[in-house]
Amino acid sequence: MAYPDTRPRRMRRDAFSRRLMRETVLTADDLIYPVFVHESDGRAPVASMPGVERLSIDELLRVAEAASELRIPALALFPVTAPEAKSLDAAAAWYEGGLAQRAVRALKSRFPELGVITDVALDPYTAHGQDGLLDDTGYVVNDATVDALVKQALSHAAAGADVVAPSDMMDGRIGAIRLALEEAGFVHTRILAYAAKYASAFYGPFRDAVGSAAALGKADKTTYQMDPANSDEALREVALDLDEGADMVMVKPGLPYLDIVRRVKDTFGVPTFAYQVSGEYAMLKAAAANGWLDERACALEALLAFKRAGADGVLSYFALDAARWLRAS
Ligand SMILES: NCc1[nH]cc(CCC(=O)O)c1CC(=O)O
Ligand SMILES: [Mg+2]
C-alpha cells in the first residue's frame with residue numbers, strides 16, 4: 001500500500017485548525033454599498049436587480065442608517081436623472097441643487113461618520129447616454145469632457161462628498177480634478193479612480209437602473225472603456241491615475257477580472273478596490289431565485305474571493321445583506 005508523503009488534509013480535519021490557517025477574512029469594513037437615488041417619492045424596484053431599489057432622499061437616509069448600524073464604511077451614490085434634465089452638455093451634472101449634491105448634503109448632515117462616495121461621470125446627464133461630450137462625428141471628446149468632470153467633482157466636494165470617484169475613463173481627468181480640488185481648498189477630498197474600467201456587458205442592469213440604457217441605444221463605450229482582452233494596459237492606466245493623484249484605484253467589473261486586481265495589488269501596493277457590478281449581482285440573484293444556487297453562501301464566497309485576490313474592499317449590491325449575514329455567522 002502506497003501512502004501520501006504529505007497529508008494537507010490533516011489541517012483541514014477540524015474546525016479549529018481550519019480557522020487557524022485561514023488566510024483571508026471578510027468583514028463589514030470591506031464593503032461599500034452602491035445606492036440609486038431618484039427625484040420621485042418613496043422607492044422603485046429595479047427589475048433586473050431584485051432587491052435593489054431607487055430611493056428618494058428620505059428613503060436613502062433610512063438605508064444610510066441601516067448601513068451605519070451594520071458598520072459599513074461608505075455608500076456610493078448614483079443619481080437617476082429624469083429624461084427632461086438630460087442635455088448635450090450635461091450641465092445638470094454640476095448644478096449645486098442637483099439630486100446628487102442634495103443627497104450628499106442630506107447624508108453628511110444626518111450621518112457625518114458615514115463615508116459618501118460620488119460618481120463623477122456624465123452618462124446620467126447626457127441625452128445620448130455616453131460618459132462624455134460628443135463632437136459632430138459622434139466621438140466622445142476627451143479634454144472638453146475633462147473640463148465638465150472637473151466642475152462636477154468640485155460641486156460634489158462643495159456639497160461635502162468625502163470621496164469623488166471618476167468612472168468615465170477620460171485621459172488626464174484625475175490630474176485635472178486633483179489640481180482643481182487643491183486650488184479650491186478641498187485638500188481632504190479623496191479620489192477613488194475607476195482606473196481599469198472595462199467596456200463590459202455586465203453593466204446592463206445598472207444602465208436600466210439609472211435609465212442610461214435607453215439613451216445609449218445600440219452605441220457602446222469601447223472608445224474609452226478598456227478592452228476585456230487586456231491586462232498590461234490596466235497597469236499603465238493605474239500607474240497614470242496614481243501619478244496624477246488618485247488615493248485609491250478600482251478595477252471594474254469584479255469577479256471576471258480578479259486577475260487584474262491581483263496584478264494591480266502586487267504591482268502598486270496601494271488601496272485597491274473592485275466593483276462587483278450589476279450583472280454579477282443579477283446572475284447570482286437569478287440563479288438563487290431558481291433554487292440553483294445558495295444565495296448567501298455564493299455571495300459571501302464571491303466577496304471573500306475579491307479579498308483573496310488582493311482587493312481592500314468591494315462595491316457590492318449585496319453589502320447590506322452581506323453585513324447582516326456576517327454578523328449572524
Ligand atoms: N459611469 C457609468 C457607470 N458607473 C457605474 C457603472 C456600472 C455599475 C454596475 O454595473 O453595477 C457604469 C456603467 C457604464 O459604464 O455604462
Ligand atoms: Mg486612464
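Atoms within each ligand, like the ligands themselves, are counted from 1 in listed order.
At the top of the distance list for atom 3 (C) of ligand 1, counting protein heavy atoms only, stands Lys197 NZ, 3.2 Å. In this structure, the protein non-hydrogen atom closest to atom 8 (C) of ligand 1 is Phe206 CD1, 3.3 Å. Nearest protein heavy-atom neighbour of atom 4 (N) of ligand 1: Lys252 NZ, 3.3 Å. Of the protein's non-hydrogen atoms, Lys221 NZ, 3.3 Å is the one closest to atom 14 (C) of ligand 1. When hydrogens are left out, the protein atom nearest atom 10 (O) of ligand 1 is Ser278 OG, 2.7 Å; that is the closest non-hydrogen contact.
Close contacts of ligand 1 with Ser167, meaning ligand atoms under 4.0 Å from a residue heavy atom, involve 1 (N), 2 (C), 4 (N). Residue contact check: Tyr317 has heavy atoms under 4.0 Å from atoms 8 (C), 9 (C), 11 (O) of ligand 1. In the vicinity of Gln225, heavy-atom distances shorter than 4.0 Å reach the ligand 1 atoms 14 (C), 15 (O). For ligand 1 and Ala121, the ligand atoms under 4.0 Å from any heavy atom of the residue are 1 (N).
For the side chain to side chain donor-acceptor pair (under 3.5 Å) test, residues two or more places apart in sequence or in another chain that qualify with Tyr275 are Tyr317. Legend: residues meeting side chain to side chain donor-acceptor pair (under 3.5 Å) with Arg54, ordered by chain and number and at least two apart, are absent. Residues meeting the side chain to side chain donor-acceptor pair (under 3.5 Å) test with Glu59, sequence neighbours left out: Arg43, Arg62.
Phe206 and Phe36 have their aromatic ring centers within a separation under 6.0 angstrom.
With values rounded to the nearest 0.5 angstrom, Asp232 atom CG is found 9.0 Å from Ile260 atom CD1. The structure places CG of Asp168 at 8.0 Å from OG1 of Thr145, a figure rounded to the nearest 0.5 Å. Separating the CG atom in Leu284 from the CG atom in Asp294 is a distance of 10.5 Å, to the nearest 0.5 Å.
At a threshold of 4.0 Å, the pair Asp241-Arg173 counts as salt-bridged, since one of the basic side-chain nitrogens sits closer than that to a carboxylate oxygen. Between Asp312 and Lys265 a salt bridge is recorded (basic side-chain N to carboxylate O distance below 4.0 Å). Using a 4.0 Å cut-off between charged nitrogen and carboxylate oxygen, Arg296 and Asp321 do not count as a salt-bridge pair.
No hydrogens or angles considered: a donor-acceptor pair under 3.5 Å links the side chains of Asp135 and Thr137.
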message: I'd like to know whether Val116 forms a side-chain contact (heavy atoms from CB on, under 4.5 Å) with Phe111, so could you lay out the CA-CA distance, the side-chain angles of the two residues, the decisive distance to 0.1 Å, and finally the verdict.
response: CA-CA 10 Å; Val116 174; Phe111 303 101; over 6 Å; no

task: Begin with the C-alpha distance, continue with both residues' side-chain angles, and end with the deciding distance and a verdict on side-chain contact (heavy atoms from CB on, under 4.5 Å) for Arg178 and Glu244.
output: CA-CA 7 Å; Arg178 174 59 77 207; Glu244 291 175 30; over 6 Å; no

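With a heavy-atom cut-off of 4.0 Å, Asp123 touches ligand 1 through its side chain alone. Contact annotation for Tyr281 and ligand 1: no heavy atom of the residue comes within less than 4.0 Å of the ligand. When non-hydrogen atoms are compared, ligand 1 lies under 4.0 Å from the side chain of Tyr275 (C-beta onward) but not from its backbone. The part of Asp131 lying near ligand 1 is the side chain, judged by heavy-atom distances below 4.0 Å.
Note: no N/O pair closer than 3.5 Å links Tyr194 and ligand 1 by distance alone.
Counting heavy atoms only, Arg207 comes closest to atom 16 (O) of ligand 1 of the residues Arg207, Gln130, Met169.
Protein contacts to the Mg ion (ligand 2) involving N, O or S atoms at a distance below 2.8 Å are Glu237 OE1.
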